[in-house]
Amino acid sequence: MIIRARTVVTMDGSPIENGAIVVSEHRIVDVAKFDEIQARHTGEVIDLGAQALLPGLINAHCHLDYTCLRGKIPPQRSFTDWIRAINAEKAKLSPDDYVASINDGLAQATRFGTTTIANLTAFPELIPRIRAPIRLWWFAELIDIRAPKRAKELVDRANESLGTARLSGASTGLAPHALFTASKDLYRRCEEIARQQNALLTTHLAESREEMEMFHDASGPLYKFLKSIGRLMDDCGNTTPLKRFQDSIGRGGSPSRLRTIEVTRLYRPWIVTHLNELAESDFELLQRSESKFHIVHCPRSHIFFGHGSFRFERLRSLGFNICLGTDSLASNNDLSLFAEMRAFQKAFPSVSPEDILRMVTVNSAMALRQENTLGRLRRGLAADLLAVPCSGSTNVFEQIIGFEGSIRCVMVNGEFE
Ligand SMILES: [Zn+2]
């Protein structure tokens, strides 16, 4: 099948005017100017006309579990109050509600041209009940705040559920929720499994001022709330969330094996979400650290919570791979990555539209270790793509970011959705 469009935005060099791609089975087998494609291939031509064809968008951080909480939690006085509010909402939901919520979120994301989601789920046992129209990486979200002594058991049980899901083709990973809800033992067990199974890991880190206050000063609303529900607070005071994270990971297992992983892969298995609250000492730590992790910024969730400014330029200049995510609808209006790109652009007007689009294609593909499969329109990669109207007059990347509405043409793995 040949798909022709006014502009083919490959994310792999300059956009191709009057371009086309050839899709066979599930893969892209050629990308070039339309006349060159016609000279090399025969077969059905789908002419998309005045549209830009681009790689499917990749949401690097989402919780489809909470799609049904849209509009249920207004902005709160504090991050801690929001945690209380979401806990109260979650208590009302049944497994069937979660399945419906995940399916709703998937339908919505597909309409917005998202073809892959890094999705955190609190219920990995529900994965076999979901038939996703797009690609999902299921990260089992883990919290052991009430039973830190059972961290290993908790992780292993979740990993067993993920194993069952993997048997039917699911891609999976582990997600210690955050330093304030998951113990050091839980983080270490997840790292051990990641080393054994070459698995991906994700976590929330340094999201709010209250988290910084908790670890740095052993005080504040989050500290008080967690203490009141029985969390051991002996890891708080005179540290930062990032320092605690660095102390929690990477010590287990054989040092030589760990070294090999670091040398062969600059990026550790961690996809770290938020990283809003960083002290000057944290930047020194990041600069000194040999290996990097991937960072996900969620622009509209960031605005919802009124977090301090995200240090994009500084983190990027330190060599971190930065992606965008939507977070959940408990702190956002919808699952549109176009809206995330626009919110990011508003906050960082000096970043080029092409670099912004990179954060939901190339960069997020790399975070999921799919740089050889997803994120670009290139020969040999999976045929995940979408088309948006494009006038040909202004910058195509600017037009893509400005797109509002539903996407009519979305292809995942060579099939139109
Ligand atoms: Zn999140």
Side-chain angles (χ1 to χ4, degrees), residues 58-70 72-73 75-76 78-87 89-90 93 98 101-102 105-106 108-109 114 116-124 136-145 158 172-182 186-187 190 200-212 222 226 241-242 245 270-277 293-308 310 322-337 339-340 343-344 359-360 364 367-368:
I58 305 171
N59 185 344
H61 183 84
C62 185
H63 307 251
L64 293 170
D65 287 356
Y66 309 132
T67 307
C68 62
L69 298 187
R70 179 173 189 240
K72 292 257 163 62
I73 307 172
Q76 303 286 306
S78 73
F79 184 69
T80 309
D81 284 349
W82 179 85
I83 293 177
R84 284 195 185 93
I86 191 172
N87 284 345
E89 290 296 334
K90 278 155 67 173
L93 300 175
Y98 282 115
S101 196
I102 293 167
L106 284 167
Q108 197 189 122
T114 300
T116 299
I117 301 179
N119 182 49
L120 282 72
T121 181
F123 311 97
L136 282 178
W137 259 259
W138 294 96
F139 288 89
E141 187 168 70
L142 300 157
I143 291 178
D144 67 343
I145 192 165
T172 66
L174 293 164
H177 170 257
L179 287 175
F180 55 86
T181 50
L186 192 150
Y187 273 84
C190 288
L200 287 169
L201 301 172
T202 191
T203 193
H204 300 88
L205 183 66
E207 180 173 5
S208 65
R209 275 182 287 269
E210 285 155 65
E211 185 181 342
M212 178 60 97
L222 189 60
L226 294 171
L242 180 79
F245 176 66
W270 286 99
I271 302 171
V272 170
T273 303
H274 301 311
L275 222 59
N276 300 320
E277 290 290 327
F293 42 75
H294 308 273
I295 297 171
V296 187
H297 174 53
C298 301
R300 289 184 299 162
S301 178
H302 194 100
I303 295 167
F304 174 93
F305 286 113
H307 295 315
F310 177 62
I322 305 173
C323 317
L324 297 184
T326 56
D327 221 336
S328 83
L329 294 199
S331 60
N332 203 345
N333 291 329
D334 61 43
L335 297 175
S336 167
L337 286 169
E340 297 303 340
F344 181 87
M359 292 162 81
V360 295
S364 358
L368 291 170

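Values below: all heavy atoms of this structure, side chains included; hydrogens, waters and symmetry mates excluded. First listed ligand is number 1; within each ligand, the first listed atom is number 1.
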Considering just N/O/S atoms, say which atom of [X] is closest to the Zn ion (ligand 1).
X    : answer
H63  : NE2
H204 : NE2
D327 : OD1

With a 3.5 Å distance limit and no angle check, can you tell me whether N119 reaches the backbone of L64 through a side-chain donor-acceptor pair?
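Judged by distance alone, yes, a pair lies under 3.5 Å.
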Taking E207's backbone N and O only, do any of them form a donor-acceptor pair with N276's side chain (distance below 3.5 Å, no angle check)?
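Confirmed, N276 side chain pairs with E207 backbone.
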Counting backbone and side chain alike, does C62 bring an N/O/S atom below 2.8 Å of the Zn ion (ligand 1)?
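Short answer: no, not a single N, O or S atom is under the cut-off.
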With respect to the Zn ion (ligand 1), please indicate if C298 possesses an N, O or S atom at a distance under 2.8 Å.
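Looking at C298, which is the residue asked about, there is no N, O or S atom under 2.8 Å from the Zn ion (ligand 1).
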Quick one: CZ on F304 to CD on Q76, what's the gap to the nearest 0.5 Å?
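Result: 7.0 Å between the selected atoms.
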Of all heavy-atom pairs between L329 and N333, which one has the smallest distance, and what is that distance?
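Closest approach of L329 to N333, heavy atoms only: CD2-C, 3.9 Å.
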Heavy-atom pair of closest approach, residues L205 and H274
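It is O-CB, 3.6 Å.
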